[in-house]
Amino acid sequence: MAGNAAIDLTSPPRQEVESVVIRFAGDSGDGIQMTGGRFTDVTALAGNDLATFPDFPAEIRAPAGTTYGVSAFQINFGARNIKTSGDAPDALIALNAAALAVEIRDLKPGGVVIVNTGGLAERNLRKAGLEGNPIEDGTLSNFRVIAIDISKLTLEAVKNSGLNKKDALRCKNLWTLGLVYWMYDRDRQPTIDWLNKRFASHPELAAANVAALNAGHAFGETAELADGITPYTVAPSHFAPGEYRTVHGAEAMAWGLMVGARLAGLDLVFSSYPITPASGVLHALAKLKHFGVTTFQAEDEIAAICAAIGASFAGSLGVTSSSGPGMALKTEALGLAISAELPLVVINSQRAGPSTGMPTKTEQSDLYQAVFGRNGDSPLAVLAARSPSDCFDVVIEAVRIATKYMTPVIVLADTYIANAAEPWLIPNVDELTPFPVEFRTEPEGFHPYLRDERTLGRAWAVPGTPGLEHRIGALEKDYDTGNISYDPANHQRMTDARGAKISGIADDIPLQAVEAGEESGRLCVVGWGSSYGPIARAVGNLREEGHLVSHIHLRHIWPLPRNLVRLLRGFDKILVPEMNTGQLLTLLRAEALVPAEGLSSVTGKPFRISEIEEAIRLRLGG
Amino acid sequence: MAGNAAIDLTSPPRQEVESVVIRFAGDSGDGIQMTGGRFTDVTALAGNDLATFPDFPAEIRAPAGTTYGVSAFQINFGARNIKTSGDAPDALIALNAAALAVEIRDLKPGGVVIVNTGGLAERNLRKAGLEGNPIEDGTLSNFRVIAIDISKLTLEAVKNSGLNKKDALRCKNLWTLGLVYWMYDRDRQPTIDWLNKRFASHPELAAANVAALNAGHAFGETAELADGITPYTVAPSHFAPGEYRTVHGAEAMAWGLMVGARLAGLDLVFSSYPITPASGVLHALAKLKHFGVTTFQAEDEIAAICAAIGASFAGSLGVTSSSGPGMALKTEALGLAISAELPLVVINSQRAGPSTGMPTKTEQSDLYQAVFGRNGDSPLAVLAARSPSDCFDVVIEAVRIATKYMTPVIVLADTYIANAAEPWLIPNVDELTPFPVEFRTEPEGFHPYLRDERTLGRAWAVPGTPGLEHRIGALEKDYDTGNISYDPANHQRMTDARGAKISGIADDIPLQAVEAGEESGRLCVVGWGSSYGPIARAVGNLREEGHLVSHIHLRHIWPLPRNLVRLLRGFDKILVPEMNTGQLLTLLRAEALVPAEGLSSVTGKPFRISEIEEAIRLRLGG
Amino acid sequence: MTVETMEPNLTPKDFASDQEVRWCPGCGDYAILKAVYKTLADIAVPKSDVVFVSGIGCASRFPYHVSSYGFHTIHGRAPSVATGIKLANPDLSVWVVTGDGDGLSIGGNHMLHVLRRNVDLQILLFNNETYGLTKGQYSPTSRVGTVSPSTPMGSVDYPVSPVAFALGSGARFAARSVDTMQRHLPVVLKRAHEHRGASFVEIFQNCIVYNDGAFDDFTEKAVVDDTQIHLEHAKPLIFGKEGEERGIRLKPGVIELEVVRLGEGGIGIKDLLVHDETNRSLAVMLAAMAPPDFPMALGVLYCDPAPGYETLVRDQIEEAKARTPNGDLNALLREGYTWTVG
Amino acid sequence: MTVETMEPNLTPKDFASDQEVRWCPGCGDYAILKAVYKTLADIAVPKSDVVFVSGIGCASRFPYHVSSYGFHTIHGRAPSVATGIKLANPDLSVWVVTGDGDGLSIGGNHMLHVLRRNVDLQILLFNNETYGLTKGQYSPTSRVGTVSPSTPMGSVDYPVSPVAFALGSGARFAARSVDTMQRHLPVVLKRAHEHRGASFVEIFQNCIVYNDGAFDDFTEKAVVDDTQIHLEHAKPLIFGKEGEERGIRLKPGVIELEVVRLGEGGIGIKDLLVHDETNRSLAVMLAAMAPPDFPMALGVLYCDPAPGYETLVRDQIEEAKARTPNGDLNALLREGYTWTVG
Ligand SMILES: Cc1ncc(C[n+]2csc(CCOP(=O)(O)OP(=O)(O)O)c2C)c(N)n1
Ligand SMILES: Cc1ncc(C[n+]2csc(CCOP(=O)(O)OP(=O)(O)O)c2C)c(N)n1
Ligand code: SF4
Ligand code: SF4
Ligand SMILES: [Mg+2]
Ligand SMILES: [Mg+2]
C-alpha cells in the first residue's frame, strides 16, 4: 500500500469504524465535486473500498445560494466491501445555508454536521428559503454539530497569498477538506501534489489552497470540537492483490471501447451528440486521439448513429452513445443496423424520464425501449453494467458480441454509473482474450448475407476489398443471394434467421450465476444495472441476519441466459427492484411465467438499501 | 337493393355458389387495381358481402412484363358473411405471362384460369422467366383454362373508336371485366356510368372502354367456353337494413378523424409526412378542406408529430400518421406529448419490417414499439383496428380517449387494412354520442397540471385565453403547481399519476367480449388487428365442425380490458396468431401469466385461414 | 379562439413570470430577456395572445420567464411545434427562442423549412457559439480551432453563418443584434414582430461560463465604432467614429464588397452602397462581412415580405368552403356508390 | 484498408451491376445512371474503392445499379452514413445519391452539416420536384401551385433552391446539370469528383410518371439556347443562339443581374460579367436566375476548395500520435493515481 505517510500521532484517540458515509454539499460555485474527487483519491490510497455519488444540479450555474443550486458529493468508504454510496450519510459538510436546508433531511440521526456559519447570514438563509437559523432554531438538535466560520478561517489562512477576497474565499472547500482529512485520518500529500500540478501556472493559487488545506487540518488537531465528536480511523479493506485505481463509469466505458476495439483488431470510430449524462464518454475518448481513436460530434443523434453505421460498413468499429431522448432518435437507424446486420455498439446512459424528465438524475427506465422499442421484428442484444468498473467489462463484451454476430448491441448504464467512482483492480490488457475479426476477402461463393453456420452472423466484406463489391440496404434480402426480395417465404426465413441469430447468443454467454444465496428457495431478488449495490447489500444484510434470500443480477438482458427461467422457477417468490415502474419485471414474467413482483423506485436517486431490505422482509413474512 | 337491371335470360344455366374468390392479375400498367375496384362496386351493389386485397408491386412502374411488376387484386364475395379476401382463389384472371407465372401457384386445384394468350408471346414468356408456354406445357393441367386472345378481341371491339393501337390495347382490362361480369352475373351499368364520368373530358376513351366491356360480356354470352365451365350466380348476403357503401381503411380512418373531431367539438389539424402505406389518410383528408380540415405535409415525421403537438397545445385536435420507419422517428416527440399531457392521435399503418423491410407488404410487428417503445416510463393508450370499416370506430374511440385523458393514443392499422375494402353500414353521424371537450377558462385555482379527479386528465387551457397564461414542457413538473420540479418524491408521484391515468382508461372501455365460442374451455384463439378475418373464419369453420374453440379479438391493446386476464385464465390453451414473431404474445404472458403460444406468420401477406385451422386442430389434438 | 381583451398599458415587468430565472449570473440571456420584456410592452399584444416556444438549451429556458403562454419543447423542434400552433390559431403572436445548437445543429432542418414556408413566427436564435446547457462543447457556429471538451485539440470543421443559412433557406426577414445592445435589440425585435411571415433574428449572446468574450472583437466598447455597421434601409452603408467615417462599396468590376475611407481618394457618400432591405444578394454579402476586415452588419439585413404560410393555408380552406359550402359529414360518408338493404 | 489494384481499362458497362433496374420506363434516372457509368470509367478509380450511398426514394435505388460497393440506407441519412464511411476510410471515393425529398426534406439537416463540414463526398441530388417513390406528393422544390395528392388545390409554400441552400450552408462546390445532357453531365460529375471536399451537384431529373416535363421550360430542345447558360470559369457569361447572343451583366449601381443583348446599345463582351467560380456572391446570384427572365445557370457555379473534414480529422489524429507516440493501453489505464495491494 502506497501513501499514508504523515499520520499525526499527537491527535486525540481515534474511534475505529468499519465504514462511513460522508456527504459534501455547497453551492455550485463552491467546488464540491472537486472536493469530493480529492477525498476519493486519498481514500482509495488509504486502502478503503469506496463508492461515490456526485449529485449536481440541473443548472449550469444556478444563482448563488439557491436550494436548486446545491451541488453535493457523497462517498461511502470502509474497511469492508462497499457496495453503494450509502443510504443516509453519517456526516454532512454544508458550506452554505441552502446546502444545509436541502441535505439535512437525509443525515442519519446522531450524525455529524459540519456547518460553515459564515454562510448562514440572514441573506443566505432567506435565499435558502429558511425562516430561522438552523443552528439556533432546533433544526439540528438531533445531530452532532460542528459550527465554525469556515469563511473567516479560510480568509485568515490565506491572507498572505495575495489573492483578492473573492478568490481567497474560494479556498474554503480546501480548508474544509483539511478538517475532514483530519477527522478521517487521510493523507494530505496527494492532494497537495494534485493542487500544485493543477495550478502549476498559477502558483499563488496552489499555495493558497495548500495553506487552506493545512489550516483546516491544523484546526482539527488543535481545536476543541463539540462534545461527542471524535476523529475516526477506517482500516484498509481487504483487496485482492494487484494495482488499483478509482474509475468513473464514463471513463471505464471509454477505455472498454478502446480495449474492445483492440481485442477485435479494429479501428474505433465513436460518433455521438452531447447529452447529459452521456457526454462524458465522448469527452474521455476525444482526449485519446493519440491512440488512433476517431471521435465525431455529429449534428444530432440520428447523424451520430448513422455515421457509426457507416464506419462499421467501412470496416471500423462504429460506436454511438446517448441518453433517453437521444436514444429515441436513434430508433429508426437501429433498425437499419439490424437489417444491414452490421456490428454497432450503442451505449445508453439512462436518465430520469419520460421525455426530457430530470436530465441530471438517474433512472433505469429505458429497458423496454432497448429490448422492444423498434418497428418491425427487430431483435438485438442488450447488456447492462452494474457499477462504474463493470462498464469496462460489459463494453468489451458488447464489442465481442457485436462483431461476432454482426449485430447492434445496446449497453445500458445510467447517470449514477456514469458519474460515480469506485476502486478498480486494473486489468492487464495483454492478458485479455482477443477476438479478432476476420473480414471476408475471398470472392468465391461470396454474397453479403452469407451466414456463418454457427453464429448466423453474416460475412463482413469491407469497401476497398477487390472482388467483393456488393450492395446492401434495409429492404428485405434474399437468404441465398443477398439481393432484394419480396418473396413471402423468404421474408419468414430471414425474420427467423435474424431472431435465431440473437437468441443464439445465449449459447455464447455464461449461465446466470446466483450472486448470493441458494439456487432455489423462498425468495429471490432479481436486479439489473446500477441497483446492484443496494440489492447486494440488502440481501447481504438479511442473509447475515439468517434469512434465506437469494440475489440474481443480470448482465445479459437480451437474450437472457439459458438457465435463467429454470432458476427463477425454483423460487416461491421473486422480487424485482427497479428504478422504473417494472420493465425487467414484464420481461421476466413473459419469459418465465413466474409471478414476479416489482419494487419500483423512480425518484431520480439510487435505491436505498433500507427500502429493499424492507420489501424483502415483507415478502419473507417479517 | 339497387342495381341488377339487365340480367341476361339467354345465358346457359348458372350454377349457384355461396362465395367466390377471384384474383385479377396483370402488368402494373394493365389497370388491374381499377378493374378490381369496378368489380368491387358492382358486387357490393349486387348485395354480396365482400372483402378485397389489392396487392401491388413495390416499384412505381416496373418494366413491363416482369414478374416483380405484377399487380394483383383479390376479391372474396358471397352470400354468406365474408371475413377475409380468401385463401386460394377460385378463379384467376391473368392478363400477361408474368401474372400467370406468379399467381398460378395460389389458384385452387380445379380453379378457373382466364388467360390472355395475346400476352404469351415468346418474348413475354422469357421476361416472365418461363421456359415454355404454360398453356401447352402442362402447367395448367390441374385447372379449368379459358385461353383467349383478349388483346386481339379487344382491338377488334374498339376498332371504330379512333384510338391508336397502344390506347386501344389499354381497354383489355375492360374487355376482361365484361367477361367476368358475365361469368358472375354482375350488372354492367354502374361501370358504364363510372367510365362515362371518369372519361368525361375524353368521350372517345369512355366509348372505347364501354365497347370493350360490352364485347367481353357478349363473348361470354355467345362463345363456347371450355368444358366444365359454367357461369355462376351468387345470392345476396344477409345484411342488416340500412344504407351501405364499400369503404377502404384509409378512407375510414380519414372520416373517423373528421367525425371524432366533430364529436369532440374541435378543429382537426392533420400533420404527416408521406410514407407507404400511410399516405392514403393524408390524401383523403387533403381533399376535405371544405370541411375545415387543416392538412400539413411536414418536412419529416418529427416535424409532423411536433406540429400536431403544437396544434393540440393551441386547442385543436392534433393528429399524425405514419408507418414503421416514420413511427420510429416520432418516438422522442411522443415522449413530449406524454410528458406535456396533450391529446394526440397517432395512426400507424404497419408494414413489413424491420427497417425499410417490404414497404408495400403487410405485417403487424409494431405492437412492441407502440406499447413499450419509448425512453422513460412512458405509458400511453394503444388501439387496433380489425378491418377497413372498423377503422372508423377505432379512430373515433382514439379521439375520445385522447381528449378525455389528455394523452397520445396510438392506433394500429396495417397495409392490408389501409388498402382493402369491404361493405359498410354507413352510420348516421348525428346519432353518435358526442364527447365535447371543455377547455379550462377559469383562472381561479388554475395550474396546468391540475388533474381531473376521476380521469386524472389535466386541465386543457388554450393560448388566447386571458388569465390562464402558463408554461409547460417536458421537464418533470410539480404535482401541485405544474412548475419544474426535481423533487424525488414528486417524480415518483408524477410517474405514478401518469401510469394510473393510462391504466384507469381500462375502467372506461368495454369489457372484453368473446367473439365466438364459450367464455372458458380448452382453447382460445386470441388475436388483434387485421388477422380478425382469418381467425374468425378459421374458428367459425372449426366450430361448425363441432370443435370447442373460442375467439377473442382485442381492440384495446393498452390498457387491456379489465376482464381479459380472468377470461384468459379460463382456457387450457391459448393460441395467439400474429403477423409478427409474437408481440401480443409477450404482453399477454406477462400480464396474465398464462402459457399462451404464438402462431407467427411474417410473409408480408395476411394469414391463410387454413394455416390457422391447422394450428387449432393441432392444439385440439387433431 | 382568441379573446380580444386589450390589457391596459402593460409595462416590461408585467411580462416577468413568477419562475425564478436560472441562468448563470452574468449570462447574456438576462439582457435579451430584458429587451424582450420591453418589446412586448411596446407592441401591446395581449399577454394571452403571445406564445413563446423553445427547444432545449440554456436559451430555450426562455419561455419560463415570460408571463405569456409558453412551451418548452424538445431539442431542435420548436419551429415545428410553433408551426402547428400557428396552423391551429393564426391569430396568436408566436415567438420561437432557440440556440445555435438547438436551432442549427439538431434543428437545422426545421429551421430551413419554417423559413422557406414563411410561417409567421419571430425566431430568435441566441448564438453563443457553444452548447451551454451540456457544458461547453463546440457548436456549429464555433470558429475553427475552438477548444472544447469534445475538441480538446481544437475543432476542424467550418462554422455555419446563421444569417447566410437563413437567406439560403429562403428567409424573407433576417436581422442581427447583440444581447447587450439594449437600445438596438428591442428595435430589431419590433421589426421582426411587424414582419408577417418568418422573421429570423440572430442575437449574439455571451456565455460567460463556456465562451466568455466570444464576440468581444465587435462588441467591446472600445471597438464598436470600428467593427459594427448599423444597417438602415435606403441609407448609405457607413460606419466609424465621427470624422473617421468609412463606408462599404462594391469593388469596381467584381461582385465583392470593400471598405473605403470617406474623403480618401475623393471617395464620397455617393460612392457607397445604399442599403436595400429587399435585395437578397446584398443581404448575403452583408451577412458574410466580419471583423477584422469588415464591420459586423447589425440590424435588418433583409426584409421582403410575402404572405405567411398559415395565412395561405387558411385562405385555401376558406376558398374550399366557399366552393363547397355546408360541409355535411353524413353526405360525405354517402358520396359515391351506396346501396340500401331492407 | 484500401488495396490498390488498378483494374485495367474499365468501360462504362463494367459499372453495371447484375441487378435489374426497376425505375419506370422513361425515367430520367436511367440517363443519369448512364452518365455516371461513363464518369466512373473515365476517372479510373478501382471499382472496389468506390462506394455509392443513398437514402430512400426512386433516386436512392441508384447504388443497386452500380457494380461498386453500395449502401442503400434510410430516408435522408445518406450524408451521415457517408461521413462515417469517410471517417473510417478516407481513401474511398464516396458518392451520395439523393432526391429532392430525401436530401432536402427529411435530410436537409445532414445536407447542411455535411456541406459545412466539407466532407469529401460527391453529392448528387436528383431534383424531380416530386416524391416519386411515394407516388407524387409535392416536394420542397415543387413550385408554388403544384397540384399533388397531398395538395389537391395546389401547394402554397415557397420552394427551396437546392444550390442556394447549399451555398447558404457553406458548400465549397456547387454545380448543376440535366439528366439528358449526356455530354454536360459527365463533365460536371468529373469536376465534382476532382474537387476534394463536399461537392454538391443538382441534377434536374424528369419524373415521367408524376411530374413529366417539369423542366421543359429550359430543357426542351427548342428553348435550350435561350434558357440555359453554360458556365465556364474565367469566361464571360454569355448564352443564346449564334448571332443572337445575350449576356449577363451587373445592373449599373445595384447588386442585381440583368440580361443584355450583345451588340444592342453598344454592349459588348467586355461589359459582361466574367464567371469566377471562387466568388460565392456571384454564385448565389447565378443560382437565383431562372426562366423566363433569366437563363438557367448550368455547370459549376462555385468551386473554392479547402481541405476536407476527414483529412483534417486524420491530420489531428496523426498530430496527436506524433505528440504522444506509442499508445500503450496498459499505461493509459494506469494514468493518474494508482495503488498496489499485496
Ligand atoms: C435529443 C436531445 N439531444 C441532446 C440533448 C442535450 N442538449 C441539451 S441542450 C443542448 C445544446 C444546447 O446548445 P444551444 O442550443 O446552443 O443552447 P445554449 O445552451 O448554448 O443556450 C444539447 C446538446 C437533448 N436535450 N435532447
Ligand atoms: C422515415 C421515412 N419516411 C418516409 C418514407 C417514405 N418515402 C420514401 S421515398 C420518399 C420521398 C422520395 O422523394 P425523393 O427523395 O425526391 O426521391 P424520388 O423518389 O423523387 O427520386 C418518402 C417520403 C420512408 N421511406 N422513410
Ligand atoms: S452556461 Fe452559458 S449560456 Fe448557459 S446560462 Fe450559463 S452563461 Fe448562460
Ligand atoms: S416514379 Fe418518377 S422518379 Fe420514380 S422511377 Fe418512376 S419516373 Fe422515375
Ligand atoms: Mg448555444
Ligand atoms: Mg424527388
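Side chains are part of it too, since the values below use all heavy atoms of this structure and drop only hydrogens, waters and symmetry mates.
Proximity to chain D involves both the backbone and the side chain of A:Asn428, based on heavy atoms less than 4.5 angstrom apart. With a threshold of 4.5 angstrom between heavy atoms, D:Phe52 does not approach chain A through any atom at all. The part of D:Val66 that comes within reach of chain A is its backbone (N, CA, C, O), which places non-hydrogen atoms under 4.5 angstrom from that chain. The contact between D:Arg117 and chain A is made entirely by side chain atoms (from C-beta outward), counting heavy-atom distances below 4.5 Å. Within the 4.5 angstrom heavy-atom criterion, only backbone atoms of D:Asp328 (N, CA, C, O) approach chain A. Looking at A:Asp300, only its side chain comes within 4.5 Å of chain D, counting heavy atoms on both sides. Heavy-atom distances place no part of D:Arg323 under 4.5 Å from chain A, backbone and side chain included. Within the 4.5 angstrom heavy-atom criterion, no atom of A:Glu251 approaches chain D. Both the backbone and the side chain of A:Thr294 have a heavy atom closer than 4.5 Å to some heavy atom of chain D. Looking at A:Val247, there are no atoms closer than 4.5 Å to chain D (heavy atoms on both sides), in backbone or side chain.
Residues of residues 106-115 of chain D lying under 4.5 angstrom from chain A, judged on non-hydrogen atoms, are D:Asn109, D:His110, D:His113 in numerical order.
Of all the listed residues (A:Leu475, A:Ile305, A:Leu268), the one sharing the greatest number of non-hydrogen pairs under 4.5 Å with chain D is A:Leu475. Of the listed residues A:Ala307, A:Ala308, A:Gly292, A:Ser339, the one with more heavy-atom pairs under 4.5 angstrom with chain D than any other is A:Ala307. If you tally non-hydrogen atom pairs under 4.5 Å between each of A:Phe239, A:Phe313, A:Trp194 and chain D, the highest count goes to A:Phe313.
Judged by distance alone, with hydrogens and angles left aside, the side-chain atoms of D:Arg172 form no donor-acceptor pair with the main-chain N or O of D:Pro307 at under 3.5 Å.
A:Phe392 and A:Trp424 have their aromatic ring centers within a separation under 6.0 angstrom.
Checked options D:Tyr37, D:Phe62, D:Trp23, D:Phe126; the residue passing with D:Tyr30 is D:Trp23 (criterion: ring-ring contact (aromatic ring centres under 6.0 Å, His included)).
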